[in-house]
Amino acid sequence: MLMQKKILVTGASGLIGQELCKALEAQGHRVQGLARGSGPGCWDPSTGFIDTTVLEGVDTVVHLAGENVAQRWTRSAKREIRDSRVKGTKLLMDAMLDREERPDLIMASGINYYGFADPEVKDEQSPLGKGFLASVCRDWEATASPWPKAGGRLVMLRTGIVLSAKGGALAKMLPPFRLGLGGTIGNGRQRMSWISIEDIVAVYLRAVEDKALKGPVNAVAPNSVSGTVFAQELGAALNRPTWLPTPAFALRLAFGVMAKEVILSDMDIKPRALEVSGFTWRHLEIRDAFRSILQ
Ligand SMILES: NC(=O)c1ccc[n+]([C@@H]2O[C@H](COP(=O)([O-])OP(=O)(O)OC[C@H]3O[C@@H](n4cnc5c(N)ncnc54)[C@H](OP(=O)(O)O)[C@@H]3O)[C@@H](O)[C@H]2O)c1
């Protein structure tokens, strides 16, 4: 039987947070969200405010908060994407270091750590890549590095494209695909490293319970797919044709650099640490993930 824990979750209102909080509660844990605000039980990374009483008696902190990256990267959007993660993590870290307890810290990061266009297969040993998001992931993770030095357990879940009908990349693609207007994105040769919402929640649950899991952990399914297969399988799951491609130049025109680093990203990431830990995926193949998510 699992020991009941008190778990504090930042970004609990987001795509992953909502599903994760439900799953943690279903396991009998006491879950408290740390949402942005200026009152009791809140924090605000933009002003440096945190109600530190929320940390009392906490066994695990799950840190998901961060400005959404799927937007046009204006100068102010880039500042917000970086600051929300780096200043948010620093605020949390300072508050945690001020206390005697050493709860486990499970934080989100991204496979963008490894860059956005590199044909080589990557695992957790692979070096930092190039690009804006790689530098954000580096600084985000580095801000939490005092935690293991202070004796706490730190897990950084470098997450791939989370597939859910309720939000994120897939939810944005669904309207055109449902109308039969979807198709391959870019040249279709790029590798897409994905994970189903059910599996990313299971990875967080595993990270909460498994004390042997530490450091960077790639949170992706073992089988990445090409952009062409992604579009074909999505169309097949929806029973719709996929012969209308979305050319890369149109995406770059609409979304600027974000299209290059996120939508058209070409990264083949392997989840070595999860494999070594004996984690079992519910969705190993994208076909099964789409069928289950869209049923
Ligand atoms: N979904 C993916 O495909 C994916 C892939 C790779 C990495 N990740 C990472 O995993 C984490 C969770 O992902 P998600 O998809 O659940 O994110 P999400 O739906 O965008 O939610 C993130 C949460 O962060 C808080 N937040 C939003 N803007 C913020 C800001 N400017 N400053 C501080 N907090 C802010 C919000 O919570 P409150 O309003 O309650 O404060 C929001 O609900 C994120 O850090 C994301 O970068 C996700």
Side-chain angles (χ1 to χ4, degrees), residues 8-23 31-39 41-51 54 61-71 73-74 76-92 105-114 116 131-134 136-141 143-144 155-173 192-201 203-204 207 216-221 224 230 258 261-263 265 267 269 271 289 293:
L8 183 70
V9 183
T10 76
S13 61
L15 177 67
I16 298 172
Q18 286 190 36
E19 297 303 317
L20 177 61
C21 290
K22 277 190 253 168
V31 181
Q32 186 179 352
L34 181 60
R36 283 169 297 161
S38 54
C42 291
W43 76 328
D44 190 343
S46 67
T47 61
F49 166 77
I50 182 165
D51 175 1
V54 294
V61 176
V62 177
H63 178 34
L64 302 169
E67 173 76 12
N68 204 297
V69 302
Q71 56 178 300
W73 290 351
T74 59
S76 69
K78 281 172 93 170
R79 193 181 324 115
E80 195 56 33
I81 289 167
R82 181 187 291 277
D83 284 359
S84 61
R85 289 175 171 78
V86 177
K87 289 189 180 167
T89 306
K90 174 92 172 76
L91 183 60
L92 191 61
L105 174 58
I106 318 294
M107 65 180 275
S109 181
I111 56 169
N112 321 78
Y113 178 94
Y114 306 107
F116 59 88
F132 167 66
L133 282 184
V136 170
C137 288
R138 175 198 62 204
D139 297 348
W140 191 11
E141 292 186 3
T143 309
V155 186
M156 296 164 293
L157 294 175
R158 293 180 180 159
T159 308
I161 306 161
V162 175
L163 300 182
S164 162
K166 293 185 188 159
L170 179 62
K172 289 203 174 77
M173 290 178 200
M192 298 176 72
S193 294
W194 58 277
I195 184 164
S196 71
I197 183 76
E198 207 176 311
D199 279 334
I200 188 69
V201 167
V203 170
Y204 273 94
V217 173
N218 293 339
V220 292
S224 65
F230 187 96
M258 191 278 279
E261 286 204 25
V262 180
I263 308 174
S265 149
M267 297 298 288
I269 310 296
I293 291 163

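Note that ligands are numbered from 1 as they come in the structure, with each ligand's atoms numbered from 1 the same way.
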If the cut-off is 4.0 Å to any non-hydrogen atom of Gly11, which atoms of ligand 1 fall inside it? 23 (C), 24 (O), 37 (O)

Determine whether Val262 and Phe116 satisfy the following criterion, side chain to side chain contact (heavy atoms under 4.5 Å, CB included), listing intermediate values before the conclusion. CA-CA 7 Å; Val262 180; Phe116 59 88; over 6 Å; no

Nearest non-hydrogen protein atom, atom 30 (C) of ligand 1: Arg36 NH1, 3.4 Å

Taking heavy atoms and a distance under 4.0 Å, where does Trp194 meet ligand 1: side chain, backbone, both or neither? neither

Applying salt bridge (Lys or Arg N to Asp or Glu O under 4.0 Å), can you list everything that pairs with Asp51, at least two apart in sequence or on another chain? none

Check: Glu67 main-chain N/O paired with Ser84 side-chain donor or acceptor under 3.5 Å: yes

Starting from atom 21 (O) of ligand 1, find the nearest protein heavy-atom neighbour and note its residue, name and distance. Gly14 CA, 3.3 Å

SB check Glu19 Lys166 (cutoff 4.0 Å): yes

Heavy-atom proximity to atom 13 (O) of ligand 1 ranks first, among Ile200, Leu157, Ile16, for Ile16

Looking only at distances, please establish whether an N/O atom of ligand 1 is found under 3.5 Å from an N/O atom of Pro45. no

Give a yes or no answer on whether the side chain of Ser164 reaches the backbone of Ile197 with a donor-acceptor pair at less than 3.5 Å. no

Polar side-chain atom of Ser196 near backbone of Ala289 as donor-acceptor pair, under 3.5 Å: no

Would you call Val69 and Met258 a side-chain contact if the rule is heavy atoms closer than 4.5 Å? no

Which atoms of ligand 1 sit under 4.0 Å from any heavy atom of Glu80? 30 (C), 31 (N)

Proximal candidate to atom 37 (O) of ligand 1 [heavy atom criterion; set Ser13, Ala12, Cys42]: Ser13

Closest heavy-atom pair, Asn112 versus Glu261, reported as atoms and distance to 0.1 Å, is ND2-O, 4.2 Å

Starting from atom 11 (C) of ligand 1, find the nearest protein heavy-atom neighbour and note its residue, name and distance. Leu64 O, 3.2 Å

Below 4.0 angstrom from a heavy atom of Asn68, which ligand 1 atoms are there? Numbered from 1 as shown, please. 20 (O)

Measure the distance from atom 5 (C) of ligand 1 to every protein heavy atom, then report the residue, atom name and distance (to 0.1 Å) of the closest one. Gly160 O, 3.2 Å

Does ligand 1 have any atom sitting under 4.0 Å from a heavy atom of Trp140? yes

Using side chain to side chain contact (heavy atoms under 4.5 Å, CB included), reason through Ile269 and Trp194 one step at a time and then give a plain yes or no. CA-CA 9 Å; Ile269 310 296; Trp194 58 277; over 6 Å; no

Who's the nearest protein heavy-atom neighbour of atom 32 (N) of ligand 1, and how far? Ser84 CB, 3.3 Å

Using heavy atoms and a 4.0 Å limit, tell me yes or no: is Gly33 in contact with ligand 1? no

Just jot down the ligand 1 atoms closer than 4.0 angstrom to any heavy atom of Arg85, in number order. 44 (C), 45 (O), 46 (C), 47 (O)

Any N or O of Leu34 that comes nearer than 3.5 Å to an N or O of ligand 1? no

Between the NZ atom in Lys87 and the CD atom in Glu80, the distance rounded to the nearest 0.5 Å is 8.5 Å

Numbering as shown, the atoms of ligand 1 that approach Ala65 to under 4.0 Å (heavy-atom distance): 24 (O), 34 (N)

What are the atoms of ligand 1, with element, lying closer than 4.0 Å to any heavy atom of Ser109? 7 (C)

Any sub-3.5 Å donor-acceptor pair from Gln32's side-chain atoms to Leu8's backbone N or O? no

Tell me, please, which residues at least two apart from Tyr114 pass side-chain hydrogen bond (donor to acceptor under 3.5 Å, both in side chains). Arg158, Asn218

Do me a favour and list the nearest non-hydrogen protein atom to atom 9 (C) of ligand 1 with residue, atom name and distance? Ala108 CB, 3.9 Å

Give the residue, atom name and distance (to 0.1 Å) of the protein heavy atom nearest atom 22 (C) of ligand 1. Gly66 O, 3.8 Å

Is ligand 1 less than 4.0 angstrom away from at least one heavy atom of Gln18? no

Below 4.0 angstrom from a heavy atom of Thr159, which ligand 1 atoms are there? Numbered from 1 as shown, please. 5 (C), 6 (C), 7 (C)

Less than 6.0 angstrom separating the ring centers of Phe49 and Trp43, yes or no? no

I need the nearest protein heavy-atom contact for atom 19 (O) of ligand 1: residue, atom name and distance, please. Leu15 N, 2.9 Å

Between Arg79 and Asp83, is the closest basic N to carboxylate O distance under 4.0 Å? no

Please indicate whether any nitrogen or oxygen in Trp43 is less than 3.5 Å from any nitrogen or oxygen in ligand 1. no

